[in-house]
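On a predicted model such as this, the values are computed, not experimentally measured, just so you know. As the structure lists them, so they are numbered: ligands from 1, and atoms in each ligand from 1.
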Amino acid sequence: MSSASPGGRPPLSPPSFADLWRDLEPLGRDPVTGGYRRYSWTPADAQCRAWFTRQAEKRGLTVHPDANGNLWAWWGPQEPGAVATGSHLDSVPDGGGFDGALGVVTALAAVDLLQENNFYPERPLVLVTFTEEEGARFGLPCLGSRLLTGVVDPNAARDLTDDAGVTLAQAMTSAGLDPAQIGPDPALVEGLSAFVELHVEQGRALEPMGSAVGIAEGIWPHGRWRLDFTGQADHAGTARLADRRDPMLAYAGTVLAARRAAAEHGALATFGKVIAEPGGSNAVCSAVRAWLDARAADEATLSETVTDVRSAAERCSAEQGVTLSVRQESRTPVVRFDEGLRDRIAGVLAAAGMPAPVLPTGAGHDAGVLAARLPTAMLFVRNPTGVSHSPAEHADLADCEAGVRALALVLRDLAGPK
Ligand code: GLV
Ligand code: MN
Ligand code: MN
């Protein structure tokens, strides 16, 4: 590479990050909560896709959507050996602005930095935004990367429904895509030599270490389970307590048991989504649908935790005369990122005076899905409070800009001359 900042020194400061951030920031943000509602295949999602396409084309990149709705912006020819970077633009309900978006904005700003330094990639560089990473609309996280790599059956994916009963196939059709085409794309995956995803830290490990940027070691195994408690709807003012079959009580007992199981096993178990049907404030509900999110450092602990929650749900349901059904919606195995790539990145950053600690995480990422198929790594940018999946999620501008420099150094190393 011909560069204004040769050797191990970081390239020049990235002037474009703040401008890009300001431009993307209003899209899909709820004016009341300040949180983001960028759900796949909605108008907010379409705005984000159009924004990414515009920004990529402004930089001379060529955007090719794949059949699964992931967007790929190529710098250089679409040839094998490409180095990929990016993340996602969808959000959880009332999510923070950084989760996913930081990796996409940083990738664009890193391209600016490299172009300013007169770098031209010897291997193609490709920026990607994955679809439905959060699974906030259709329930299955990392749907875009799972379809791409063939770890989810396209028939099952087409039939996934959102809370309004709209299928993925219908949503994609409304957005102008052909759902019949979704599925694995081995040529695209095999054409990638590495994937590096930069992400806001979801946790607070970097702050006490005094580091702006970290490197991922791996991802805890995790999954989602849907629990349906079905009882008997009745009048809140007349049904005797002894006569009730109240699914809310079975659910409440299960929530408390999940917390106990997580504490006993050193795991995490969360009920963050619940729907009471039909939802009248003066009625015993007929059904409660609830989603368990469970995560642990290893597979055995995760299984034991979920088994304990399930047993508690069965016991609580029997006590209330309620029927229970439990269905696993997703399970993601433990991920260990490629050690060679991780060490190489650590070396590049250390040589540039940006030593980056190595951290595990309990959060899921498209990088975790791709890690099963190609050398993959992640960079984390410090989150001073650690709060994520919340409008309070934050990273300081200076740290985001350090993330841009770190990513540019890594891409220059991976895509530049050997
Ligand atoms: C994604 O952010 C997840 O870990 O659920
Ligand atoms: Mn997330
Ligand atoms: Mn994310």
Chemist: List ligand 1 atoms under 4.0 Å from G364, heavy atoms only on the residue side.
Modeler: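 Near G364, meaning under 4.0 Å from one of its heavy atoms, ligand 1 has 1 (C), 2 (O), 3 (C), 4 (O).
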Chemist: Do the numbers put R49 on top of the ring of W41, so that NZ or CZ is under 6.0 Å from the six-membered ring centre and no more than 45° off the axis?
Modeler: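 Ring-cation test returns yes.
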Chemist: Check for a donor-acceptor pair, side chain of Y120 on one end and backbone N or O of G416 on the other, with a separation under 3.5 Å.
Modeler: no
Chemist: Taking the six-membered ring for Trp, are W21 and F98 ring centroids under 6.0 Å apart?
Modeler: yes
Chemist: Would you mind running through ligand 1 and noting each atom that sits below 4.0 Å from a heavy atom of H389?
Modeler: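 Under 4.0 Å from H389, ligand 1 has these atoms: 1 (C), 2 (O), 3 (C), 5 (O).
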Chemist: Can you name the N/O/S atom of D99 that is nearest the Mn ion (ligand 3)?
Modeler: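 Atom name of the closest N, O or S in D99: OD1.
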Chemist: Looking only at N, O or S atoms, find the one in H199 nearest to the Mn ion (ligand 3) and name it.
Modeler: NE2
Chemist: For R137, is there any backbone N or O sitting under 3.5 Å from a side-chain donor or acceptor partner on E132?
Modeler: yes
Chemist: Is it true that the side chains of D99 and H199 contain a donor and an acceptor less than 3.5 Å apart?
Modeler: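 The criterion, which ignores hydrogens and geometry beyond distance, is satisfied for H199 and D99.
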Chemist: Just by distance, do the side chain of N68 and the backbone of G183 share a donor-acceptor pair under 3.5 Å?
Modeler: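 Present.
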Chemist: If the cut-off is 4.0 Å to any non-hydrogen atom of E134, which atoms of ligand 1 fall inside it?
Modeler: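 Listed by number with element, the hits are 1 (C), 2 (O).
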Chemist: Name the closest protein heavy atom to atom 3 (C) of ligand 1, giving the residue it belongs to and the distance to 0.1 Å.
Modeler: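 Nearest neighbour among protein heavy atoms for atom 3 (C) of ligand 1, to 0.1 Å: R295 NH2, 3.4 Å.
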Chemist: Could you tell me whether the Mn ion (ligand 3) has an N, O or S atom of H365 under 2.8 Å away?
Modeler: no
Chemist: Checking Q181 against D178: is there a side-chain donor and acceptor pair closer than 3.5 Å?
Modeler: yes
Chemist: Need the atom name: nearest N/O/S atom of E134 to the Mn ion (ligand 2).
Modeler: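 Restricting E134 to its N, O and S atoms, the minimum distance to the Mn ion (ligand 2) goes to OE2.
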Chemist: Could you tell me, atom by atom, which parts of ligand 1 come under 4.0 Å of a heavy atom of A363?
Modeler: 4 (O)
